[in-house]
There are 2 protein chains.
Amino acid sequence: MTKINGDANSPPKQVIHSQEAAKDPYVERILDAARQLFIENGLEAVSMHRIAKKAGIGQASLYRRFTDIGEICSVLLRDNSERFLNELEHEVQLTPVKLPAFERLQSSIERVVDFLEQHAELLNLIKTEFTGKKQLTQFEHPFFQRLNMILFQLLQQVTAETENILIDPQFVATALVSVLSPDLYLFQKKVHGRSKEQITKGIITLFVTGLRNP
Amino acid sequence: MTKINGDANSPPKQVIHSQEAAKDPYVERILDAARQLFIENGLEAVSMHRIAKKAGIGQASLYRRFTDIGEICSVLLRDNSERFLNELEHEVQLTPVKLPAFERLQSSIERVVDFLEQHAELLNLIKTEFTGKKQLTQFEHPFFQRLNMILFQLLQQVTAETENILIDPQFVATALVSVLSPDLYLFQKKVHGRSKEQITKGIITLFVTGLRNP
DNA sequence: TTAGTTTACGGACAATTGTCCGCTGTGTCA
DNA sequence: TGACACAGCGGACAATTGTCCGTAAACTAA
């Protein structure tokens with residue numbers, strides 16, 4: 001029988017650089033089970049109990065690693081969202097003076113809408129679960145916190161570059177996050193039948209063009 | 001014993017004009033029980049089971065009238081929200097040309113924020129429950145639908161009065177509803193410590209002043 | 001090895017949501 | 001008054017979430 005780290009000269013338990021949970025085999029089994037159930041049954045039809053069953057572990061072992069389904073979704077989406085936010089951050093910080101801040105803001109909004117288009121449903125489920133348990137708003141989720149921060153920096157740059165501008169970057173950033181929420185995005189598509197492009201245009205008119213002409 | 005509609009010459013079952021549930025004594029008992037439990041235990045600590053117990057009725061009898069706690073909250077808030085929306089609608093439609101549309105828009109936003117300040121928590125709970133069950137977004141709740149409609153009309157008037165304006169009233173109305181959502185309001189107060197006045201100012205800067213200067 | 005300590009597994013359990021179904025009480029007709 | 005239909009009540013029940021605790025495996029030390 002092979003024991004984990006049981007070999008002689010067991011290497012020092014080095015901190016894992018990659019995604020932090022790479023060590024725990026249960027985590028992988030859980031994520032695999034969840035992925036599979038999501039595909040087979042749709043996002044809504046999957047329960048924590050079923051995930052535990054499918055992963056072949058007990059309820060408690062599941063809850064010890066993920067407090068709810070939203071957290072599982074978070075992790076399933078994390079690679080994508082991390083990459084996305086990193087790229088966005090990178091663009092904001094490393095395209096410093098090449099483009100006017102307004103144009104960087106516009107391009108960032110377009111990128112966010114692209115991301116929404118791909119992942120709105122999963123993001124929405126994350127939000128539901130996240131806000132459901134504690135007394136939290138969707139804006140307190142790490143994803144939206146970081147998005148808020150990035151947009152805030154952009155808006156600060158906009159105000160720094162623009163004369164006679166009267167906005168509060170912090171407030172506008174939060175409002176922008178709200179308008180970019182998956183909830184609103186899905187509503188626009190579902191009820192008003194708007195396309196990605198229409199939604200992008202509407203947001204840019206409000207938050208870029210609107211600020212631009214003081 | 002008095003039978004409901006059991007008298008001779010029973011009058012044709014006329015549609016009830018007042019709040020529709022006025023007939024059913026169970027509804028009153030349920031609402032009383034809910035009100036009391038909400039006060040005693042806080043919004044979050046109350047379950048459907050406890051409401052049924054407190055009202056002295058069975059689970060099914062409760063569910064036959066209210067599909068979830070959100071619906072109970074809706075009804076508890078309905079008098080207030082109906083009155084509020086009626087007033088808002090009235091002002092929008094009957095203050096036609098006395099004030100410029102921009103100023104009516106501003107005043108309406110202020111009124112909505114006042115309402116949020118009073119009822120944000122209840123509204124938020126309604127939203128949670130409403131969106132939780134079916135695949136619905138908060139914007140599909142009747143309250144927000146009607147608010148959306150009112151703001152849409154206002155924004156149409158704004159565009160009619162203003163030259164060179166380039167907004168899509170339907171889109172802006174929905175964005176405005178999003179920024180006026182209880183979720184965002186509570187977040188602003190809780191995390192950023194903003195006052196009602198600061199929030200009002202921020203929204204008006206974005207959605208009134210921003211549009212005003214094309 | 002053995003004894004003692006610690007970790008953490010997993011099933012049982014409580015609490016909640018929402019549904020089902022047997023039963024009772026009322027109304028209708030003879 | 002009695003037979004019958006039937007609307008509606010309420011408790012039991014399934015499904016889900018989240019927690020607790022007895023127990024077994026793993027690690028430490030002699």
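Lettering of chains follows the sequences in order, A, B, ..., and the numbering in each one begins at 1.
- A/R146 is linked by a side chain to side chain contact (heavy atoms under 4.5 Å, CB included) to A/E82, A/L85, A/N86, A/E89, counting only residues two or more places apart in sequence or in another chain.
- Under a 3.5 Å cut-off, the side chain of B/Q36 and the backbone N or O of B/A33 do not form any donor-acceptor pair.
- Between the B/S107 side chain and the B/E103 main chain, no donor and acceptor come within less than 3.5 Å of each other.
- At the phosphate of C/dC9, OP1 or OP2 sits under 4.0 Å from a side-chain N or O atom of A/R65.
- One finds the CD atom of B/Q188 at 15.0 Å from the NZ atom of B/K196 (value rounded to the nearest 0.5 Å).
- With sequence neighbours excluded, no residue satisfies side chain to side chain contact (heavy atoms under 4.5 Å, CB included) with A/Q118.
- Put simply, CD on B/E71 is 11 Å from P on C/dG18, counting in whole angstrom units.
- Side-chain nitrogen and oxygen atoms of B/Y26 include at least one within less than 4.0 Å of the OP1 or OP2 phosphate oxygen of D/dG10.
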Anything under 3.5 Å between a protein N or O and an N or O of nucleotides 12-17 of chain D, put it in a table, one pair a line.
unit_1	atom_1	unit_2	atom_2	d
D/dT17	OP2	A/M48	N	2.8

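- Regarding A/I57, its CD1 atom lies at a distance of 10 Å from the P atom of C/dG11, rounded to whole Å.
- OP1 or OP2 of D/dG10 lies within a sub-4.0 Å distance of a side-chain N or O belonging to B/S61.
- Judged by atom type and distance alone, A/R64 does not reach the base of D/dG18 through any side-chain donor-acceptor pair under 3.5 Å.
- Remark: C1' of D/dG18 and CZ of A/F66 are 16 Å apart, rounded to the nearest angstrom.
- Per the geometry, CD1 belonging to B/I51 stands 14 Å off C1' belonging to C/dG18, to the nearest Å.
- Nearest heavy atoms, B/A173 versus B/L151: CB-C, 4.1 Å.
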